[in-house]
Amino acid sequence: MGIQQTLKALSDPTRREILNLLKSGRLQAGQIVEHFEMTGASVSRHLSVLKDADLIRDHREGKFIYYELNASVLEEIMMWIADLKGEDEHDQKE
């Protein structure tokens, strides 16, 4: 997974909103769809882009698919941005 793919996934407001929904915990695909005024297929495509960028993970339980954040990738992006800004770990803690 490259940073270009991650930034592309983060560039879309719908995908960012999906990430915001998942920060509270895992959700079923249907629960995510309920938050948007678009087809389930459209939301599924957004989920696929996020999954391909390794920003979310999914797992099946019976007939349901649950999605959750992959915080480690988000942390890597934050560290990369902090490095661009010239911040070190000491600056981040203050």
Side-chain angles (χ1 to χ4, degrees):
M1 189 270 321
I3 194 155
Q4 184 174 353
Q5 187 177 12
T6 303
L7 293 176
K8 179 184 175 192
L10 291 172
S11 70
D12 185 274
T14 299
R15 292 193 283 268
R16 290 193 306 267
E17 183 59 28
I18 291 171
L19 293 174
N20 277 327
L21 290 171
L22 293 174
K23 72 181 179 183
S24 299
R26 71 184 194 147
L27 292 172
Q28 295 174 10
Q31 293 172 306
I32 296 169
V33 171
E34 290 173 0
H35 286 86
F36 299 95
E37 293 184 16
M38 62 179 68
T39 66
S42 293
V43 172
S44 179
R45 177 68 187 131
H46 286 292
L47 290 168
S48 178
V49 171
L50 290 169
K51 189 175 159 193
D52 288 346
D54 206 23
L55 290 166
I56 62 173
R57 295 185 176 137
D58 68 341
H59 62 277
R60 182 176 295 275
E61 290 183 17
K63 63 180 182 173
F64 298 105
I65 298 175
Y66 288 89
Y67 292 89
E68 62 188 357
L69 284 178
N70 180 3
S72 62
V73 172
L74 293 171
E75 289 171 1
E76 287 177 29
I77 294 296
M78 290 172 49
M79 288 175 27
W80 178 75
I81 291 170
D83 185 52
L84 282 178
K85 290 176 57 180
E87 297 177 1
D88 62 22
E89 288 184 28
H90 183 265
D91 292 337
Q92 292 175 1
K93 293 179 183 176
E94 294 182 341

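A donor-acceptor pair under 3.5 Å links the side-chain atoms of Asn70 to the main chain of Asp54, judged by distance alone.
Residue Leu27 holds its CG atom at 5.5 Å from CG of Leu22, rounded to the nearest 0.5 Å.
Hydrophobic clustering, with ILVMFWY side chains joined whenever heavy atoms are under 4.5 angstrom apart, groups Val43 together with Leu10. Linking ILVMFWY residues whenever their side-chain heavy atoms come closer than 4.5 Å, directly or via other members, places Ile18 and Val33 in the same cluster. Tyr66 and Leu19 end up in different hydrophobic clusters when Ile, Leu, Val, Met, Phe, Trp and Tyr side chains are linked at under 4.5 Å. In the hydrophobic cluster analysis, where Ile, Leu, Val, Met, Phe, Trp and Tyr join through side-chain heavy atoms closer than 4.5 angstrom, Met38 is grouped together with Tyr67.
Applying the 6.0 Å contact sphere to CD of Glu61 captures more than 12 heavy atoms from other residues, nucleotides or ligands.
In terms of heavy-atom proximity, Phe36 sits nearest to Leu21 at CE1-CD1, 3.8 Å. Listed here is the closest heavy atom pair of Ile65 and Arg60: CD1-NH2, 3.3 Å. Of all the heavy atoms in Ser72 and Arg57, the pair that sits closest is OG-NH2, 4.4 Å.
Applying side chain to side chain contact (heavy atoms under 4.5 Å, CB included) to Leu50 and the options Thr6, Asp58, Ile56 leaves one that passes, Ile56.
For the pair Ile32 and His46, the minimum side-chain heavy-atom distance is 4.5 Å or more. Taking the side chain as every heavy atom from C-beta outward, Pro13 and Arg16 approach each other to under 4.5 Å.
For Val49, the side-chain contact (heavy atoms from CB on, under 4.5 Å) test picks out Ala9, Arg15, Arg45, with sequence neighbours left out.
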